[in-house]
Amino acid sequence: MIKMNTALCVAGAVLLNIAGSLCQLDVCGQAPLNNRIVGGQDTSEGAWPWQVSIQSAGSHFCAGSLINKDWVLSAAHCFQSIHWYTITIYLGRQSQVSGSNPNEVSRRVSQIFNHPNYNNPSNDNDIALVQLSSSVTFSDYIKPVCLAAAGSILAAGTASWVTGWGTLISGDSQLPNILQEVKIPIVSNSDCNKAYGGGITNNMICAGLLNQGGKDSCQGDSGGPMVSKNGSLWIQSGIVSFGTGCADPRFPGVYTRVSQYQDWINSYITNNQSGFVKFISSGSSRGLPNLLPLTFFIIPLISFY
């Protein structure tokens, strides 16, 4: 495997330190058809080429992100009560209307690996790897996302995008047909911990509009990606995990912090490893993940997304 020593580039106030598999960094995080959820909007076809729909018996129940030609990243809570052999992964999909996605492919699942320290009800380590039954071929509509590398820092206020087919209203059972996108800022772990009265660990990252609300991920978005852009690269920092309600101004959405799991992901993906990018955004130091102890709490009225 060819390695890069270290590449360093600066774009505005954001610093990128890239190190990893050259072949994946050549393709990850690129969305050539992208020119630019609750409170969100319809996406254009191919805008988020790593987005996948995870379905069982023909129904969407969770989402995920393609991280190389054989693997999807998702949330552990999605797979606690479902058999892997009933699952189909759809890639290159924009609409949930059957037959309306000319650029779509599907794959069955060969294995699912939930993090061994996934904890319910604390929701800590809410991350899973899904191995596809066969490799996919990349196109403008199907590409892997880059992943935030260990040591990445996303300060409070960093602009992030969340995508999914989750409900548009909290508690609703109706899912949208068209993939939704919403732009929200990162919320510091300290502010998020205060909002929830404890329970936000180093392995979590929060985003939303505190004191305003109106934009958020929701039920059905679970396992999907939260990404931020630097230059032409999109980098996944979070996995949709849980929250209290949806788009509630008092409670930001809570996501699994991807940068905490680089070693764990690489322990399973030993060939053609994902493209990890060290992402450091300027801003309040309250965005640092190591300000909170790894303490488990039971959070009342929590809903998985």
Side-chain angles (χ1 to χ4, degrees), residues 1-7 9 16-32 48-52 54 62-76 78-79 89 91-92 105 107 109-116 125-139 141-154 160-161 163 203 205 223-241 255-280:
M1 181 181 299
I2 301 174
K3 295 270 186 181
M4 295 177 66
N5 291 329
T6 303
C9 63
L16 275 179
N17 179 15
I18 302 176
S21 165
L22 182 59
C23 62
Q24 283 300 290
L25 288 172
D26 275 348
V27 296
C28 77
Q30 301 175 33
W48 309 102
W50 41 82
Q51 180 80 39
V52 308
I54 303 177
C62 268
S65 55
L66 185 69
I67 59 174
N68 77 0
K69 63 186 178 63
D70 297 300
W71 292 86
V72 164
L73 190 65
S74 189
C78 289
F79 308 107
I89 306 288
L91 309 99
V105 300
R107 292 291 187 272
V109 170
S110 62
Q111 296 182 90
I112 297 175
F113 298 99
N114 293 316
H115 196 281
N125 300 301
D126 190 12
I127 186 171
L129 282 168
V130 181
Q131 187 172 24
L132 304 178
S133 58
S134 62
S135 300
V136 296
T137 301
F138 298 151
S139 69
Y141 302 90
I142 300 173
K143 286 184 182 293
V145 68
C146 296
L147 300 179
S152 292
I153 299 172
L154 283 90
S160 299
W161 289 84
T163 50
N203 298 322
I205 185 170
M226 177 172 72
V227 298
S228 294
K229 192 177 186 183
N230 182 268
S232 62
L233 287 185
W234 289 94
I235 302 162
Q236 183 175 352
S237 61
I239 301 167
V240 178
S241 183
Y255 302 77
T256 306
R257 188 181 290 269
V258 171
S259 61
Q260 295 287 83
Y261 298 95
Q262 182 173 353
D263 288 344
W264 181 76
I265 292 170
N266 284 341
S267 71
Y268 286 96
I269 306 176
T270 55
N271 296 314
N272 194 28
Q273 290 183 333
S274 302
F276 282 92
V277 175
K278 197 168 190 178
F279 187 104
I280 300 178

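These numbers were taken from a predicted model, which means no experiment stands behind them.
Nearest heavy atoms, Lys143 versus Pro32: CE-CD, 3.9 Å. Scanning all heavy atoms of the two residues, the minimum distance from Pro225 to Gln51 falls at CD-OE1, 3.5 Å. Between Met226 and Ser160, the closest heavy-atom pair is CG-CB, 3.7 Å. Closest heavy-atom contact between Ala76 and Asp126: N-OD1, 2.9 Å. Of all heavy-atom pairs between Val240 and Ala75, the closest is O-CB, 3.9 Å.
Proximity of Ser237 to Phe279: side-chain heavy atoms (C-beta onward) are nowhere separated by under 4.5 Å. Counting only heavy atoms from C-beta outward, the side chains of Ile127 and Gln260 never approach each other to under 4.5 Å. Put simply, the side chain of Asn125 reaches to within 4.5 Å of the side chain of Tyr261, judged on heavy atoms. Side-chain contact between Ser134 and Arg107 is present, with at least one heavy-atom pair separated by less than 4.5 Å. Contact check for Asn266 versus Phe276: side-chain heavy atoms found under the 4.5 Å cut-off. Within the 4.5 Å cutoff, no side-chain heavy atoms of Val109 are placed close to those of Gln131.
In this structure, OG in Ser65 is found 10.5 Å from CG in Leu91, a value given to the nearest 0.5 Å. Note that CD1 of Ile89 is 12.0 Å distant from CH2 of Trp71, once rounded to the nearest 0.5 Å. Between atom CD1 of residue Ile54 and atom CD1 of residue Ile112 there is a gap of 7.5 Å, rounded to the nearest 0.5 Å. Interatomic distance, Ser152 OG to Gln262 CD, rounded to the nearest 0.5 Å: 8.0 Å. Of the inter-residue distances, the one linking Ile235 atom CD1 with Ser259 atom OG reads 11.5 Å to the nearest 0.5 angstrom. A distance of 6.0 Å separates CD in Gln236 from CG in Leu147, rounded to the nearest 0.5 Å.
Classification of the His115-Trp264 ring pair by plane angle, with boundaries at 30° and 60°, yields tilted. The aromatic rings of Tyr268 and Phe113 lie tilted to each other, with the angle between the two planes from 30° to 60°.
For the side chain to side chain contact (heavy atoms under 4.5 Å, CB included) with Asp70, the lone residue among Val72, Asn68, Leu66 that qualifies is Asn68. Shown are Ile67, Ile142, Val227, Leu73; of these, the side chain to side chain contact (heavy atoms under 4.5 Å, CB included) with Trp50 is made only by Val227.
Side-chain contact check for Ser110 and Ser133: no donor-acceptor pair (N or O, by modelled atom type) lies under 3.5 Å.
Within the 3.5 Å criterion, the main-chain N or O of Ala63 finds a donor-acceptor partner in the side chain of Ser74.
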